[in-house]
Amino acid sequence: MKTRINVRQICFIMLAYNVVSKLLTFPTALSFFCGRDLLFPALFNFIIEGIVLWGVSFLCSKTDKTFFGLLEGTIGNIGARIVYGFFAVFFLFAALLPIFEQELYVHTIFYDTVPSLVVFLPLFIFTIYAGSKKFENIGRCADICLPVFLTTMAVIFLMSFSGVKWDNLLPVLSTPAKTIFQGAAGTAYSFTAPCWLLMFMGHFKYKKHDATKITLSYVAGALIVLLFLATFYGIYGEIAGSRTFAISRTSIYFPGIDMLGRIDLIMLYVLETVMLFALVLNIQLAVHAISVCTGWDKLPYISLIVNVALATVLITCDNLYHSIQGLYFNWLWIMFIVFSVLVPSLAWLLKRRTE
């Protein structure tokens, strides 16, 4: 087995990327549907995904095969290629909504006087380049992103706590259980960590207790998200559901801003780099899945095709973000549950040994 990424880097991905992918519209959506009980649908999803992630992590201790190798040994080469083709489509959908969110975020927070596409489209130059890189590059980027993530999040939390009214979260469980489960299902599109690990399977050397390390890193990220959700709703209360791009909203009541200006924007600029790497990860895995599915190893060309397709959708549907988000919330959550929960769980049924 050729080691292309190590467990430390996977842990960093499960911690940092897991958090930053849920800081823009995820808190707003949960606040809108579940109100002060927004922590419970998030916690439900984290528990389910955490269990599945641990299962995949532990599966890695039982075989040194890649996920494709397991599929090939069970359903044959053609079947394995078809499954990877479906995963390529899945990762494209996992990247699509965050791209729309990032475009609106950049336009609203950073460049509100310039047409958003003018500013945002050059991003695809970066995603084309990053998408052509192998797992070694993904791991190195995670090494760089973790200290940036920890520093910026710590500062943002410190700037946010002064505006929190914790009684906004009381009384708990006042939302009907049906609504809480609807909120959990509708936001399942934000949970893809087990699929990341499936793609990394067989590309890192498993050592004793690595499943615990990976799972605990994920749990640490989940706790940070839950703390952020509580902070966000504690600041805005009942109007939190109308406050988009939550990460940009929590620190604006920091007392020093009145005297020094929006110094929190410095942290947001820096944190944006981690968000972009988290977004690119799904594109990189889509390129990887297409390469394995087709047997075409020219990653730069695949990345170019993938990013042109995503850019075309962005340009064509530039004013349809809310409709697209509604599609994910109302229907596409089913696809995310299938690929992020059901398929990783069923991976244990695949043959792990060559007969």
Side-chain angles (χ1 to χ4, degrees), residues 4-24 26 49 52-53 56-57 66-67 84 87-103 105 123-149 188-204 214 217-218 220-222 224-225 271-292 299-300 302-304 306-307 309-311 314 328 335-336 339-340 343-344:
R4 300 172 62 187
I5 190 170
N6 62 51
V7 172
R8 181 194 72 250
Q9 295 166 337
I10 293 174
C11 290
F12 290 174
I13 288 171
M14 295 302 166
L15 174 56
Y17 293 3
N18 177 36
V19 174
V20 297
S21 62
K22 299 175 178 64
L23 295 181
L24 293 184
F26 178 69
E49 188 178 52
V52 175
L53 182 68
V56 177
S57 303
T66 64
F67 182 49
Y84 260 64
F87 264 97
V89 174
F90 167 75
F91 282 122
L92 289 176
F93 275 100
L96 183 60
L97 186 61
I99 287 176
F100 277 94
E101 292 176 349
Q102 282 293 325
E103 184 221 353
Y105 176 65
L123 169 73
F124 285 100
I125 298 174
F126 166 70
T127 58
I128 290 170
Y129 173 77
S132 66
K133 298 300 178 181
K134 298 181 179 180
F135 287 168
E136 296 92 336
N137 179 265
I138 295 176
R140 295 189 194 106
C141 291
D143 281 330
I144 296 171
C145 286
L146 184 73
V148 175
F149 161 76
Y189 59 81
S190 295
F191 294 82
T192 55
C195 300
W196 298 345
L197 191 57
L198 277 181
M199 296 297 107
F200 294 147
M201 179 184 291
H203 295 288
F204 66 95
I214 293 171
S217 298
Y218 176 83
I224 293 174
V225 174
L271 187 62
E272 173 67 12
T273 61
V274 185
M275 290 184 183
L276 292 180
F277 280 113
L279 184 156
V280 167
L281 177 60
N282 284 317
I283 296 176
Q284 290 170 315
L285 295 180
V287 171
H288 167 73
I290 292 172
S291 176
V292 174
L299 298 185
I302 299 174
S303 180
L304 176 63
V306 165
N307 281 282
L310 290 172
L314 177 65
Y328 276 73
M335 177 179 69
F336 282 82
F339 281 91
S340 292
V343 173

Seminar exercise, completed: dist Tyr17:OH -> Asn282:CG (nearest 0.5 Å) comes out at 11.0 Å
Exercise. Distance only, no hydrogens: is a donor on one side chain within 3.5 Å (strictly under) of an acceptor on the other, for Tyr218 and Glu49?
Worked result: yes
Exercise. Backbone N or O of Ile138 within a donor-acceptor pair of the Lys133 side chain at under 3.5 Å?
Worked result: no
Problem set entry | Leu310 and Leu314: CA distance, side-chain angles, deciding distance, side-chain contact (heavy atoms from CB on, under 4.5 Å) verdict | CA-CA 6 Å; Leu310 290 172; Leu314 177 65; over 6 Å; no
For this session: Return the minimal non-hydrogen interatomic distance between Pro344 and Val56, and the atom names on each side.
Result: CB-CG2, 3.6 Å
For this session: Indicate, with yes or no, if the rings of His288 and Phe135 have centres closer together than 6.0 Å.
Result: yes
Exercise. Between Gln102 and Leu276, is there a donor-acceptor pair closer than 3.5 Å when you use the side chain of the first and the backbone of the second?
Worked result: no
Exercise. Of Phe93, Phe191, Phe90, which meets ring pair (Phe, Tyr, Trp, His ring centres under 6.0 Å) against Phe336?
Worked result: Phe90
Exercise. Any side-chain heavy atom of Phe277 sitting closer than 4.5 Å to one from Phe126?
Worked result: yes
For this session: For Phe200 and Val7, run side-chain contact (heavy atoms from CB on, under 4.5 Å): C-alpha distance rounded to whole Å, both residues' side-chain angles, the deciding distance at 0.1 Å, then the answer.
Result: CA-CA 10 Å; Phe200 294 147; Val7 172; over 6 Å; no
Seminar exercise, completed: The salt bridge (charged side-chain N to carboxylate O under 4.0 Å, His left out) partners of Arg8 (sequence neighbours excluded) come to Asp143
For this session: With the side chain counted from C-beta on, respond yes when Leu53 and Ser57 share a heavy-atom pair under 4.5 Å apart, and no when they do not.
Result: yes
Seminar exercise, completed: All heavy atoms of Ser340 vs all of Val52, minimum pair found to be O-CG1, 3.6 Å
For this session: Measure the spacing between CD of Gln284 and SG of Cys141 and express it to the nearest 0.5 Å.
Result: 6.5 Å
Seminar exercise, completed: When every non-hydrogen atom of Asn307 is compared with those of Ser303, the smallest separation belongs to ND2-O, 2.8 Å
Problem set entry | Within-4.5 Å side-chain heavy-atom neighbours: Trp196 and Ile10 | no
Exercise. Should Leu146 and Gln9 count as side-chain neighbours, where that means a heavy-atom distance under 4.5 Å?
Worked result: no
Exercise. Short question: side chain of Thr127, backbone of Val280 - any donor-acceptor pair under 3.5 Å?
Worked result: no
Problem set entry | Within-4.5 Å side-chain heavy-atom neighbours: Asn18 and Ile224 | no
Exercise. Do any N or O atoms from the side chain of Ser291 and from the backbone of Val287 form a donor-acceptor pair under 3.5 angstrom?
Worked result: no
Exercise. Does Tyr84 have its ring centroid less than 6.0 Å away from the ring centroid of Phe91?
Worked result: no
Problem set entry | Gap separating the CD1 atom of Ile302 from the CD1 atom of Ile283, nearest 0.5 angstrom | 14.0 Å
Exercise. Quick one: are Thr66 and Met201 in side-chain contact, heavy atoms under 4.5 Å?
Worked result: no
Seminar exercise, completed: Correct closest heavy-atom pair for Ala278 and Val20 would be CB-CG2, 3.6 Å
Exercise. Strictly under 6.0 Å, is that where the ring centroids of Phe87 and Phe67 end up?
Worked result: yes
Seminar exercise, completed: Nearest heavy-atom approach of Asn6 to Phe204 is CA-CB, 4.3 Å
Exercise. Just how far is it from atom CG of Leu281 to atom SG of Cys145, taken to the nearest 0.5 Å?
Worked result: 10.5 Å
Problem set entry | Check against side-chain contact (heavy atoms from CB on, under 4.5 Å), Leu96 and Tyr328 | CA-CA 10 Å; Leu96 183 60; Tyr328 276 73; 3.5 Å; yes
Seminar exercise, completed: Between Ile13 and Ala142, the two heavy atoms sitting closest are CG1-CB, 3.7 Å
Exercise. Within a strict 4.5 Å, meaning less than it, do heavy atoms of the Ile5 and Lys134 side chains meet?
Worked result: no
Exercise. How far apart are the C-alpha atoms of Asn137 and Tyr129, what are their side-chain angles, what is the distance that settles it, and do they pass the side-chain contact (heavy atoms from CB on, under 4.5 Å) test?
Worked result: CA-CA 11 Å; Asn137 179 265; Tyr129 173 77; 5.6 Å; no
